[in-house]
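Here's the structure we're looking at; comments come further down.
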Number of protein chains: 2
Amino acid sequence: MPNPQGPEMEVVHLLRAATVELALHSARFASRNGMHPTDVRALIALMDVSRAGEEMTAGRLGTALGLNSAGTTALVDRLERAGHVRRVRDPRDRRRVVIEVDERAVGLGWSSFGPLIQRTVELLQGYDEREVAAIRGFLAGVRDAAAAGG
Amino acid sequence: MPNPQGPEMEVVHLLRAATVELALHSARFASRNGMHPTDVRALIALMDVSRAGEEMTAGRLGTALGLNSAGTTALVDRLERAGHVRRVRDPRDRRRVVIEVDERAVGLGWSSFGPLIQRTVELLQGYDEREVAAIRGFLAGVRDAAAAGG
DNA sequence: CTTATTATCTCGTTAGGCGAGATACTCGGT
DNA sequence: ACCGAGTATCTCGCCTAACGAGATAATAAG
């Protein structure tokens with residue numbers, strides 16, 4: 001296993017640096033609001049699903065975050081205790097617990113991630129179509145490579 | 001706090017998807033080798049420093065990972081117990097403990113991250129200079145935006 | 001040579017997450 | 001209508017990563 005040093009390695013390191021900074025951004029948001037990294041991931045997943053107009057159940061949330069049922073219950077307990085979400089029994093299937101995100105929690109999330117997204121969009125607007133296509137293709141490639149890698 | 005839906009949002013979601021998959025890749029490597037996410041981060045940091053021909057001390061490692069001294073000691077304990085690193089007292093300043101990475105641990109790291117890096121380099125080779133420059137600029141911009149964001 | 005600083009480690013505690021199992025509800029077959 | 005299988009969530013007990021406070025040891029400054 002050699003030690004690649006070609007010009008492409010700079011991009012590899014940039015990719016890692018960006019990933020690390022994004023993780024730190026989440027971690028800062030978490031500790032500033034008395035939350036844990038997992039809580040933030042949960043909030044993002046909940047906002048995503050809500051944006052898509054779908055419902056998020058406790059079990060689905062746990063699967064998305066890679067938690068078992070006990071951990072999921074503890075997670076939802078924390079979020080509910082902090083007032084970020086509400087548990088609502090699904091009247092159709094009363095085994096299911098639908099997680100509803102509180103509007104203030106959504107606002108909180110946007111206040112931290114909104115500017116970052118805004119800045120990213122601005123960055124993209126500085127590139128022409130072919131350049132944006134390259135960025136999109138590269139990111140999709142990295143995502144697939146990471147997902148595939150045994 | 002609106003709900004951006006412009007064409008740039010696809011790239012924002014791709015960026016997040018790539019970040020998530022990269023994190024999952026690390027997590028899989030960790031659990032496959034009986035390690036924890038923090039141990040993997042530590043190994044990467046150690047390999048980086050080693051590649052740069054510098055020394056990594058216990059304290060510096062802890063700072064890099066955002067751990068306090070107690071957590072750092074526990075981390076190095078785990079890595080040493082697993083045979084991934086060795087503690088070596090610095091003869092110049094005998095308070096300092098230099099962490100040396102075992103060659104087998106380096107090989108282990110490369111076996112998991114090497115193919116991913118390889119694939120990323122291949123991806124980049126499919127783009128011309130201007131496209132690679134766009135990818136590089138975009139990643140640097142994202143890194144800076146995440147680092148700056150309060 | 002005494003005091004401050006730096007580097008690491010020890011001890012006790014906190015809390016996130018796991019495994020196993022309990023509980024509650026739905027659904028298919030008879 | 002009933003019984004068992006399957007599904008969704010929760011409770012209990014445990015493990016351990018990481019923290020805070022403080023001990024120990026070595027170097028550096030006055």
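Treat the numbers as computed from the prediction; the structure is a model and nothing was measured. Order of the sequence lines sets the chain letters (A, B, ...), proteins ahead of strands, with each chain counted from 1.
Atom CG of B:Asp77 and atom C1' of D:dA17 are 12 Å apart (whole Å). Atom CZ in A:Arg60 sits roughly 17 Å away from atom C1' in D:dT7 (whole-Å rounding). Counting to the nearest Å, the P atom of D:dA8 and the CG atom of A:Leu67 are 16 Å from each other. Distance, A:Glu55 CD to D:dA8 P: 14 Å, rounded to whole Å. If you measure from atom CG of B:Leu65 to atom P of D:dC19, you get 10 Å, rounded to the nearest angstrom. Atom P of nucleotide D:dA28 and atom CG of B:Asp93 are separated by 6 Å, given to the nearest angstrom. Per the geometry, CZ belonging to A:Arg92 stands 18 Å off C1' belonging to D:dT7, to the nearest Å. As a whole-Å value, the separation of A:Ile99 CD1 from D:dA8 C1' is 11 Å.
Heavy atoms of other residues, nucleotides or ligands lying less than 6.0 angstrom from CD of A:Glu54 number more than 12.
The side chain of A:Ala58 has D:dC10 as its nearest neighbour among C:dC9, C:dG17, D:dC10. Residue B:Arg78 places its side chain closer to D:dA17 than to any other of D:dG22, D:dC10, D:dA17. Residue A:Arg96 has its side chain nearest to D:dA8 when only C:dA20, D:dA8, C:dG16 are considered. Checking C:dG19, D:dT9, C:dT26 against the side-chain heavy atoms of A:Ala70 singles out C:dG19 as nearest. Closest approach to the A:His36 side chain among C:dA24, C:dT6, C:dA15 is made by C:dA15 (side chain taken as heavy atoms from C-beta onward). When distances are taken from the side chain of B:Arg94 to each of D:dT27, C:dC25, C:dC9, the shortest belongs to D:dT27.
In terms of heavy atoms, A:Arg16 sits closest to B:Arg51 at NH1-NH2, 4.4 Å. Heavy-atom minimum distance, A:Ala30 versus A:Pro37: CB-N, 4.2 Å.
Phosphate proximity of D:dA18 to B:Asn68: absent, as no side-chain N or O sits under 4.0 Å from OP1 or OP2. Between B:Thr38 and the phosphate of D:dA18, there is a side-chain N or O to OP1/OP2 separation shorter than 4.0 Å. Within the structure, a side-chain polar atom (N or O) of A:Arg87 is placed less than 4.0 Å from OP1 or OP2 of D:dC10.
Here A:Glu80 pairs with A:Arg87 in a salt bridge; the nearest charged N to carboxylate O distance falls below 4.0 Å.
Residues B:Val76 and A:Asp90 each lie close to DNA chain C; by heavy-atom proximity, the contact nearer the 5' end of the strand is made by B:Val76. With the nearest nucleotide of DNA chain C identified for both A:Pro91 and B:Ala74, B:Ala74 has the one nearer the 5' end.
A:Gly66 comes within 4.0 angstrom of sugar-phosphate atoms only, judged by non-hydrogen atoms across all strands, and of no base. Residue contacts shown for B:Thr57 are limited to sugar-phosphate atoms, with no base heavy atom under 4.0 Å away.
The base of D:dT7 sits within donor-acceptor range of the side chain of A:Arg95, with an N or O pair under 3.5 Å.
Counting only distance, with no hydrogens or angles, the side chain of B:Asn33 and the backbone of B:Met35 share no donor-acceptor pair below 3.5 Å.
The closest side-chain heavy-atom distance from A:Glu100 to A:Val85 is not below 4.5 Å.
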